[in-house]
Amino acid sequence: MRKKNTLFVGKVFHEFLTLPSTNLYAQELLSKSKPSEGTVISAVHQTAGRGQIGSSWETEAGLNITLSVIFYPRFLPVYRQFSLTQAVALSVRDLVARYTEKPVKVKWPNDIYIGNGKVAGVLIQTTLGQKGFRNCIVGVGVNVNQQSFSPLLPNPTSLYLETGVSHSLPLLREAYFQALEHRYLQLKNGRWQAIGEEYRQYLYGRGERVLFERPDGERFSGTIKGVNASGQLLVLHDDGEEAFHMKQVKMVGAPG
Amino acid sequence: MTFKEIQELVKLINKSNLTEFKIKDGEFELAIRTNKYEKRKTQQQAAPSNPAPAQQAPIIQMPPVQTPYPAAPPSSSAAPQAKPQPEPEVESPREEKKEDRSKYVEVRSPIVGTFYRSSSPEKPPYVKVGDTIEVGQVVCIVEAMKLFNEIESEIGGKIVKVMVEDAQPVEYDQVLFLVEPA
């Protein structure tokens, strides 16, 4: 069926009508066998997809892309792990940007935005052993043809909502495999700097003034400067530049 | 900072008259003390008017969630002659306080992040006190910037103590578990 436009991503392709979570299935696969690098697990309907721990990813059956890809990034130094996050985020951005003229950005650390709407999310899981990364599961969810979302979601959007065009999921998946393989090989070739620069280029809100909130509720306004090598968000505010871990700050307003 | 840059820096400092050097750039921190520092310390301690050695510790400002920083080497005054060393010493970022843990081994965090004892809030913890673990067994998750890393134990044995609360931040090399070797 599928045209093989990649070297390894998607060569082995498992598709399911319903799966609780493609990442979970990939984990089971890894625990029982040695799936080849680039193995994809895709679900028409994912019933228990996950964003971060404790938050779920809502998807309507048959309208969106929900898949996981297995890699063995043994070449990746542990201290370079944010480059993996960046490479994967860029791969999804590459895909989305092919289908719209609107600006497509990466919201720190790895959500994909069209304008101020979230169109895609990423969840990466790794196994970290004595010798570094043993394997990694890249879980990707892209809202493609979905037209309505739960009002509980803060700012969802889909390719359809942004462009008014429906897309073939198999073709989109194929395009994604190429984008992901390209970024993964870039990572494998040690091009951290190029990846970091592009990530910075497409960082949502960079150079703009944004309202932030600390865990204690204190709000402040600052300008997003970029990220550092470990992935902390760099914000310039009245007291100078500050680097934030994920739970140390929350963006409460749209940039601008 | 690259390894090469650090090498250059070390060379430069070694040639200089500096006793101590610190640099901080975002999350990255480096502290270097030369053997001149040890000499100065010894001299100061020899002077009778000097206050307790602890007060001579350089003032170190610790950023909120950064790698903890050791205070001045605690017992160098006990050894009157600091060993002359050709190269300045690059401080190891931590020196854990040792209680009676000698018979235990430690599972440490390979990265900075958030420590999770289970794969999701409704799941049971990977390991608990009294469990026997094997080499390569997943013992926890350390999440960093939405990258969820399952941490495999490098040692086998019995879990004696869980050193970090669920969902708490951990530093690089922080002790996560105490394990009684099998």
Side-chain angles (χ1 to χ4, degrees), chain A residues 21 23-24 27 30-31 48 50-56 76-86 88-89 108-111 121-139 193 214 225-234 241-248, chain B residues 1-3 5-6 24-29 63-67 93 105 107-123 125-126 133-156 166-173 176:
Chain A
S21 143
N23 265 40
L24 266 182
Q27 265 184 314
L30 276 164
S31 69
R50 285 204 304 157
Q52 291 179 64
I53 281 182
S55 69
S56 64
L76 188 72
V78 173
Y79 68 89
R80 278 287 176 200
Q81 62 169 303
F82 193 65
S83 298
L84 173 64
T85 300
Q86 289 178 316
V88 172
W108 176 74
N110 62 3
D111 286 334
V122 173
L123 175 68
I124 307 175
Q125 290 171 281
T126 78
T127 307
L128 201 43
Q130 219 163 344
K131 290 180 189 137
F133 291 107
R134 286 216 301 114
N135 57 55
C136 136
I137 301 165
V138 171
Q193 209 155 4
R214 295 180 194 272
K225 304 303 284 183
V227 293
N228 63 18
S230 53
Q232 287 175 292
L233 188 70
L234 302 173
E241 191 171 284
E242 189 172 347
F244 292 96
H245 278 293
M246 269 213 44
K247 300 225 161 80
Q248 293 172 337
Chain B
M1 200 173 237
T2 66
F3 180 69
E5 284 170 333
I6 294 174
K24 184 165 177 308
D25 178 18
E27 197 196 40
F28 175 85
E29 278 184 62
V65 188
Q66 295 287 2
T67 311
V105 280
V107 177
R108 289 164 180 266
S109 180
I111 46 166
V112 177
T114 306
F115 173 83
Y116 290 103
R117 291 190 61 191
S118 60
S119 60
S120 61
E122 63 273 16
K123 292 273 168 62
Y126 287 105
I133 56 164
E134 289 165 21
V135 176
Q137 185 174 333
V138 172
V139 288
C140 63
I141 283 180
V142 178
E143 182 249 297
M145 303 296 161
K146 280 171 89 175
L147 199 72
F148 293 83
N149 301 287
E150 289 191 329
I151 309 300
E152 293 183 339
S153 176
E154 297 176 12
I155 43 179
D166 190 48
Q168 289 306 302
V170 290
E171 299 295 339
Y172 169 73
D173 215 31
L176 305 175

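Below, all heavy atoms of this structure are taken into account, side chains as well, without hydrogens, waters or symmetry copies. What you see is a predicted model, and the numbers here were worked out from it, not measured in a lab. Chain A is the first sequence line, chain B the second, and so forth, proteins listed ahead of strands; every chain is numbered from 1.
Looking only at side-chain heavy atoms (C-beta outward), A:Asn110 and A:Val88 stay at 4.5 Å or farther from each other.
The residue among A:Thr85, A:Leu233, A:Ile124 with the most heavy atom pairs within less than 4.5 Å of chain B is A:Ile124.
For A:Leu84, the part lying under 4.5 angstrom from a heavy atom of chain B is the side chain only. Only the side chain of A:Phe133 comes within less than 4.5 Å of a heavy atom of chain B; its backbone N, CA, C and O stay farther away. Contacts between B:Thr114 and chain A at a heavy-atom distance below 4.5 Å involve the side chain alone, from C-beta outward.
B:Glu143 contributes a side-chain N or O that, together with a main-chain N or O of B:Met145, makes up a donor-acceptor pair within less than 3.5 Å.
No side-chain donor-acceptor contact under 3.5 Å links A:Gln248 and A:Glu242.
Annotation: B:Glu122, atom CD; neighbour count of heavy atoms from other residues, nucleotides and ligands within 6.0 Å is above 12.
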